Amino acid sequence: MIVSNEQRREEAELKRAEATARPAAAAWMQLAGVAGLLLSFVLSVSLGAACVGCSLEVAGALMQGMTRNPLADSGLLGLNAGAAFMLAICFAFLPGLPYMYNVMFSFVGAALGAAAVYGIGAMSGSGLTPIRLVLAGTAVSTLLSALSEGIALRFRVAQDLVFWYAGGVSGTRWSHLLGIAPGLLIAVIGALILSRSVTILSLGEDVAAGLGQRTGLVKFFGILFVLVLAGTAVAVVGPVSFVGLIVPHAARWLVGRDYRWSIPSSAVLGAVLVVLADLAARMINPPHEIPVGVLIALIGVPFFLYLARKRARVMS
């Protein structure tokens, strides 16, 4: 009888222990699931920010090298505004379009914006100077931005576009990254392959041609890679300006004017810049998020004014 009572007590203690452990185990499993989801979300957003920074900086370095224009940037030369204009058309007339189709339309818009800027800038008889190129880019970007806002208001998609226009990576998902990764990887590798030719081209077209450089072919592939990089970045994060303007100058200051070193340095520094800007955007006013484009513009506008003033002094 004594043994039986001890067995009953042991069984009762085991049952109580199991009853206590089940809710704790369920709570830990739920906590682990939530932590996994948060980690997946944070990683996807951070990788998206790194991809955007890398692509915009490589595009900016290519443009500055090919045009010999220190003010060249995808946002200043109409590419971002053109991509944003085509995406506004997609949201208004083709709602529910798959993500990759939006990326393709961004490429088309970026190409149209760049063609308009270079066409207007080349109308003058004195040639396509860096300042004239920036002025043409400003005019085209302003026009396309106004048209995009008009479409958004007319077709009541303004609320869907407001945060995207300001620039933010919070909506980036793994499916988006998997969709854009192949194009970005090919474009970045292509830019690295072109880096030696861009270095020679940055010395001047006459010098490059004298050294046996096929300048037309280099410019064609360079512009193609810039369109892929800028169009994809705009489709992911919105028309963030000044990203491709700031870092290439810092990279050239660190590693010199050889684009074989400047382009990969720009890619790394650009990824770090946008990731840090995204973290700062989340920490300044929690739980609300400030658009990344606003923070980068706070750095980019003074830097652009500094470069423009320095360029004016050199020309005078």
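Keep in mind that what you see is a predicted model, and the values were worked out from it rather than measured.
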Visitor: Does Asp258 offer a backbone N or O that forms a donor-acceptor pair with the side chain of Ser262 under 3.5 Å?
Guide: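 Checked: no pair found.
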Visitor: Answer yes or no: is there a donor N or O on one side and an acceptor on the other, between the side chain of Arg68 and the main chain of Ser202, under 3.5 Å?
Guide: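 Side chain of Arg68 to backbone of Ser202, a donor-acceptor pair under 3.5 Å: yes, one is there.
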Visitor: Rounded to the nearest 0.5 Å, what separates atom OG1 in Thr232 from atom CE in Met104?
Guide: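 Nearest 0.5 Å value for the OG1-CE distance: 11.5 Å.
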Visitor: Check for me, please, whether Val275 and Leu295 land in the same ILVMFWY cluster - side-chain distances under 4.5 Å, paths through other members count.
Guide: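 Result: no, two separate clusters.
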Visitor: Would you mind listing every ring-ring contact (aromatic ring centres under 6.0 Å, His included) that reaches into residues 181-217, with sequence neighbours excluded?
Guide: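 Listed by first then second residue: nothing to list.
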Visitor: For the CG atom of Leu194 and the CG atom of Leu62, what is their distance to the nearest 0.5 Å?
Guide: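 Here the rounded value is 7.0 Å.
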Visitor: Restricting to side chain to side chain contact (heavy atoms under 4.5 Å, CB included), what partner residues turn up for Ile200, sequence neighbours left out?
Guide: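 Ile200: side chain to side chain contact (heavy atoms under 4.5 Å, CB included) contacts with Arg196, Ala208, Leu211, Gln213.
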Visitor: Search all heavy atoms of Val226 against all heavy atoms of Ala59 and return the closest pair with its distance.
Guide: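 Smallest interatomic distance, heavy atoms only, reads CG2-O, 3.8 Å.
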Visitor: Ignoring hydrogens, what is the shortest heavy-atom contact between Val207 and Leu203? Give both atom names and the distance.
Guide: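 Heavy atoms of Val207 and Leu203 come nearest at CG2-O, 3.9 Å.
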Visitor: Shortest non-hydrogen contact from Ala277 to Ile296?
Guide: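 Of all heavy-atom pairs spanning Ala277 and Ile296, the closest is CB-CG1, 4.1 Å.
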Visitor: To the nearest 0.5 Å, what is the distance between CG on Leu229 and CD1 on Ile186?
Guide: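 It comes to 11.0 Å.
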Visitor: Is a donor on one side and an acceptor on the other found under 3.5 Å between the side chain of Ser55 and the backbone of Val52?
Guide: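 Indeed, once roles are kept as given, a pair shorter than 3.5 Å links the two residues.
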Visitor: So do Phe91 and Ile151 actually touch side chain to side chain, heavy atoms under 4.5 Å?
Guide: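 They are not in contact (no side-chain heavy atoms under 4.5 Å apart), so the answer is no.
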Visitor: Within a strict 4.5 Å, meaning less than it, do heavy atoms of the Ser266 and Val58 side chains meet?
Guide: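 Not in contact.
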Visitor: Look up atom CD1 in Ile284 and atom CG in Leu279, then write down how far apart they are to the nearest 0.5 Å.
Guide: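 With rounding to 0.5 Å, CD1 (Ile284) is 11.0 Å from CG (Leu279).
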Visitor: So which heavy atom on Ser145 is nearest to which on Ala81, and how close?
Guide: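 Between these two residues, the closest heavy atoms are OG-CB, 4.2 Å.
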Visitor: Who pairs with Arg257 by salt bridge (Lys or Arg N to Asp or Glu O under 4.0 Å), at least two apart in sequence or on another chain?
Guide: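 Once residues adjacent in sequence are excluded, Arg257 has no partner under the salt bridge (Lys or Arg N to Asp or Glu O under 4.0 Å) criterion.
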Visitor: Applying the 4.5 Å side-chain criterion to the ILVMFWY set and letting contacts propagate, would Met63 and Leu192 be lumped into a single cluster?
Guide: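 Met63 clusters together with Leu192.
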Visitor: Working to the nearest 0.5 Å, report the span between OH of Tyr259 and CE of Met66.
Guide: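 Going from the OH atom of Tyr259 to the CE atom of Met66 covers 10.0 Å.
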Visitor: With ILVMFWY side chains joined below 4.5 Å, transitively, what does Leu254's cluster contain besides itself?
Guide: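 Direct or chained contacts put Leu254 with Val247, Trp253, Val255, Trp261, Leu269, Leu273.
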Visitor: Starting from Ile189, walk the hydrophobic network (Ile, Leu, Val, Met, Phe, Trp, Tyr; side-chain heavy atoms closer than 4.5 Å) and list everyone else you reach, by chain and number.
Guide: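 Reading the cluster by chain and number, Ile189 sits alongside Leu185, Ile193.
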Visitor: Hydrophobic cluster membership, with links at side-chain heavy-atom distances under 4.5 Å among I/L/V/M/F/W/Y: are Phe105 and Ile89 in one?
Guide: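 Linked within one cluster.
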Visitor: Go through the structure and list residues passing ring-ring contact (aromatic ring centres under 6.0 Å, His included) with Phe155, not counting sequence neighbours.
Guide: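 Residues passing ring-ring contact (aromatic ring centres under 6.0 Å, His included) with Phe155: Phe93.
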Visitor: Taking all non-hydrogen atoms of both residues into account, name the closest pair between Ile263 and Ala191 and its distance.
Guide: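 That would be CD1-O, 3.8 Å.
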Visitor: If you apply the rule side-chain contact (heavy atoms from CB on, under 4.5 Å), what do you find for Val140 with Leu144, and how did you get there?
Guide: CA-CA 6 Å; Val140 171; Leu144 293 177; 3.8 Å; yes
Visitor: Do you reckon Phe220 sits in the same ILVMFWY cluster as Ile223, going by side-chain contacts under 4.5 Å, direct or chained?
Guide: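 Looking at the clustering, Ile223 is in the same group as Phe220.
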Visitor: Determine the minimum heavy-atom distance between Pro248 and Ala61, stating which atoms define it.
Guide: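 Of all heavy-atom pairs spanning Pro248 and Ala61, the closest is CG-N, 3.8 Å.
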Visitor: Is it the case that one hydrophobic cluster holds both Leu79 and Leu147, taking links as side-chain heavy atoms less than 4.5 Å apart, direct or via other members?
Guide: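 Same hydrophobic cluster.
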Visitor: Supply the atom-to-atom distance Leu217 CG to Ser197 OG, rounded to the nearest 0.5 angstrom.
Guide: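 Output value for this atom pair is 8.5 Å.
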